[in-house]
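FYI, side chains are in, hydrogens and waters are out, and symmetry mates aren't considered; it's all heavy atoms of this structure. Residue numbers start from 1 in every chain, and the chains themselves are labelled A, B, ... in the order their sequence lines are given, proteins ahead of strands.
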2 protein chains.
Amino acid sequence: MKAKLEDVARLAGVSPTTVSRTMNNRGYVSEATRMKVQNAMEELNYFPNDLARSLFSKRTHLIGLILPTTANPFFAELTFHIENLCAAQGLKVLLCNSLNQIDKEEQYAEMLIRNQVDGIIVGTHNRGISNYKRANLAVVAIDRYLSGTIPVVSSDNYEGGKLATQRLIDRGCQHILHFNGPAELETPAQLRRKAFEDLMQTYGLPHHTYELELPLDRDHQLSVIRRAFDEHPQVDGVFASNDMIAASVIYEAGVRHLSIPDDLKVIGYDGTTIVSSLMPQLTTICQPIEDIARTAIDVLLREIEGEFDGIAYQTILPVKVYDGSTA
Amino acid sequence: MKAKLEDVARLAGVSPTTVSRTMNNRGYVSEATRMKVQNAMEELNYFPNDLARSLFSKRTHLIGLILPTTANPFFAELTFHIENLCAAQGLKVLLCNSLNQIDKEEQYAEMLIRNQVDGIIVGTHNRGISNYKRANLAVVAIDRYLSGTIPVVSSDNYEGGKLATQRLIDRGCQHILHFNGPAELETPAQLRRKAFEDLMQTYGLPHHTYELELPLDRDHQLSVIRRAFDEHPQVDGVFASNDMIAASVIYEAGVRHLSIPDDLKVIGYDGTTIVSSLMPQLTTICQPIEDIARTAIDVLLREIEGEFDGIAYQTILPVKVYDGSTA
DNA sequence: CTGAAAGCGCTTACAG
DNA sequence: CTGAAAGCGCTTACAG
């Protein structure tokens, strides 16, 4: 059977209070009894029960992480960095893949509340928010506007959209297509689209945006891309709102015998390590994924500590172009 | 303040016992009081505290997942499936990225024990095992031999190695190089290497295996690949033990103006959805990632339920070749 | 059908 | 320097 504090106390011949004190280094304990207790703990292979501790302290050091899916390079790396940085601070991560399904997200939110997490990092849309609010829980959003009060951390999507579009224009593209996720998700990623359309307008160029639907699987991507290419045979540039889409565009270009970057220039978005290993040739906009993770955690910790003053509603981190050979 | 069961009881004018009973649908409760209690729960926006419940029930429905890193397509997708399948069964996942660091893994194991997880799924090596054993916890390993008693789930690595090698030989390769991870990790992935070497020997062909070291970053991969190519200018085939390495091989081939598949044939390993989206041209061995996840969870649940009888020490799932154009 | 009591494994005032 | 008692928020025998 698992040893508990009482067992340690009995073996060491002291009270539970004393065991607790030596374990937590709180209050006075004589060196002699400290040794006795420590020996007893080792002998019984004792590990304190964090459930009991948390029940009393009302702190679980648990963080909920809600994302669409880790099976996507951007979120996979974001998850990695969040978990890593959390672990370094003694925080534990409960992972939730909502697949952008509203009902799942609400279930996850409730589950996290029941588990008394100290805070939640959300990278999905906003419907389940009612659950968060009612529990007046610490929440931080990554790249999503959940409400007027929940802090948002993102990279500079408008600037990223501008950089990508400018790059294509500078390289001589006249007929540029843009592929983006569903507008209904209300992500700041829509700013990439806005930047694209604004800049094209500024240059007096026609702009064409294609919206993808959920789920964002490859077959769906390809079907939209094919339609777009059919509708715009003059296309000479593509700005894809993520690297997976860019890869599909490049694939379809191959099928159509378009040479890249001569006939068609392609620029992606995200710039994960995974993609830069698999497709080092892809020109793309790099998001500072680790910084996003770090900032989100900082904001969340401040909320947890109750420092609501110093928290910016919005934190926007810089992006940069990765120079590949596709644009 | 967060409402607790006692608040609900007070508002409904019943005892805590009755609230608990209606909440859990256990024992008799009259329809009238059931309604009163439910109304009170809604009014107070009550969510039960799972910490308290678990403290009593000794079941947390928490599963620990220890992996090298989710920032890698294979583990990213494995993590996705594991979390997804767990959620469908009411299990919650505590994520741990050990980065193959022994000390981290031990810390995670201890953390999971303190948090009273019902079980652990491990995809890393074996040193921290002492911690698992002592807590006599339910544990299942994915693709790692942790001890003679912990069940292992993996795909058929030997068969995968054979399929890959055979493919290259069938395509006429005479001088094949193999790249694999560090032997010290003692993974069944070493069976891929063994299969390669066995088969090459059977065909009377020379075999050359290069071992990569940790951390498996792209620069290190490329440096080993360059050395290998320098040492074997006659190379006409490469079997890489994962798709990331295969991608780097293809990259280096491009630098050396080797045409694929004419001058050099390359086959990878893992066959994730991510890689098949980004590099659909890559010929590779597909692991049944979702099946691995499902099987690991099944085994773990059986251990948790205490059915030690029906559990196979080893479950080996089939792999298959994905037909790309690189080999 | 309902409630008072004890207990899950800890911690912290409060006494001494 | 040390311990007895009460309590964290639940649940389940046990009575009635």
Report task. Answer yes when B/Glu43 and B/Arg10 have at least one side-chain N-carboxylate O distance shorter than 4.0 Å, and no when they do not. Result -> no

**Report entry** Separation of atom CZ in B/Arg114 from atom C1' in C/dC10, rounded to whole Å
**Finding:** 13 Å

Query raised in the report: In whole Å, what is the span from the CG atom of B/Asn49 to the C1' atom of C/dG9?
Result: 14 Å

Query raised in the report: How is A/Thr17 classified with respect to the nucleic acid when contacts are heavy atoms under 4.0 Å: base, sugar-phosphate, or nothing?
Result: base

Query raised in the report: side-chain hydrogen bond (donor to acceptor under 3.5 Å, both in side chains) with B/Gln287: which residues, sequence neighbours excluded?
Result: B/Ser155, B/Asp270

Query raised in the report: With respect to the phosphate group of C/dT2, does any side-chain polar atom (N or O) of B/Ser30 fall under 4.0 Å of OP1 or OP2?
Result: yes

**Report entry** Side chain of A/Lys58 - closest among D/dT11, D/dG9, C/dC8
**Finding:** D/dG9

Requested in this report: Compare side-chain N and O positions of A/Asn24 against OP1 and OP2 of C/dT11 and report whether any pair is under 4.0 Å apart.
Outcome: yes

Requested in this report: Nearest 0.5 Å please: distance from the CZ atom of A/Arg144 over to the OG1 atom of A/Thr124.
Outcome: 6.5 Å

Report summary line: B/Glu31 atom CD is separated from C/dT2 atom P, nearest whole Å, by 10 Å

Requested in this report: Between D/dC8, D/dT2, D/dG9, spot the one nearest the side chain of B/Lys4, thanks.
Outcome: D/dG9

Query raised in the report: Salt bridge between B/Arg53 and B/Asp50, side-chain N to carboxylate O under 4.0 Å?
Result: yes

Query raised in the report: Starting at the 5' end of DNA chain C, which residue's closest nucleotide do you reach first, B/Gly13 or A/Ala3?
Result: B/Gly13

Query raised in the report: Can you check the B/Arg26 CZ to D/dC10 C1' distance for me, whole Å?
Result: 12 Å

Report task. Check whether the side chains of A/Asn49 and B/Lys58 place a donor and an acceptor atom closer than 3.5 Å, and report yes or no. Result -> no

Query raised in the report: Can you check the A/Phe47 CZ to C/dC10 P distance for me, whole Å?
Result: 12 Å

Report summary line: In whole angstroms, the gap separating C1' of D/dA4 from CZ of A/Arg21 amounts to 11 Å

Report summary line: Quick note, A/Phe56 side chain, CB onward, closest among C/dT2, D/dC8, D/dC1 is D/dC8

Query raised in the report: Taking OP1 and OP2 of D/dG3, is either one under 4.0 Å from a side-chain nitrogen or oxygen of A/Thr18?
Result: yes

Query raised in the report: For the pair made of CG in B/Leu55 and C1' in C/dC10, what is the distance, rounded to whole Å?
Result: 8 Å

Report task. Quick one: label A/Thr33 by what it contacts on the DNA or RNA (base, sugar-phosphate, nothing), any heavy atom closer than 4.0 Å. Result -> sugar-phosphate

Report task. Report the residue (A/Glu6 or B/Ser15) whose heavy-atom-nearest nucleotide on DNA chain C is the more 5′ of the two. Result -> B/Ser15

**Report entry** D/dC10 phosphate, OP1 or OP2, under 4.0 Å from B/Tyr46 side-chain N/O
**Finding:** yes

**Report entry** Interatomic distance where CD belongs to B/Gln116 and P belongs to D/dC10 [whole Å]
**Finding:** 19 Å

Query raised in the report: What is the base-pairing partner of D/dT2, counting Watson-Crick and G-U wobble geometry with both distances under 3.5 Å?
Result: C/dA15

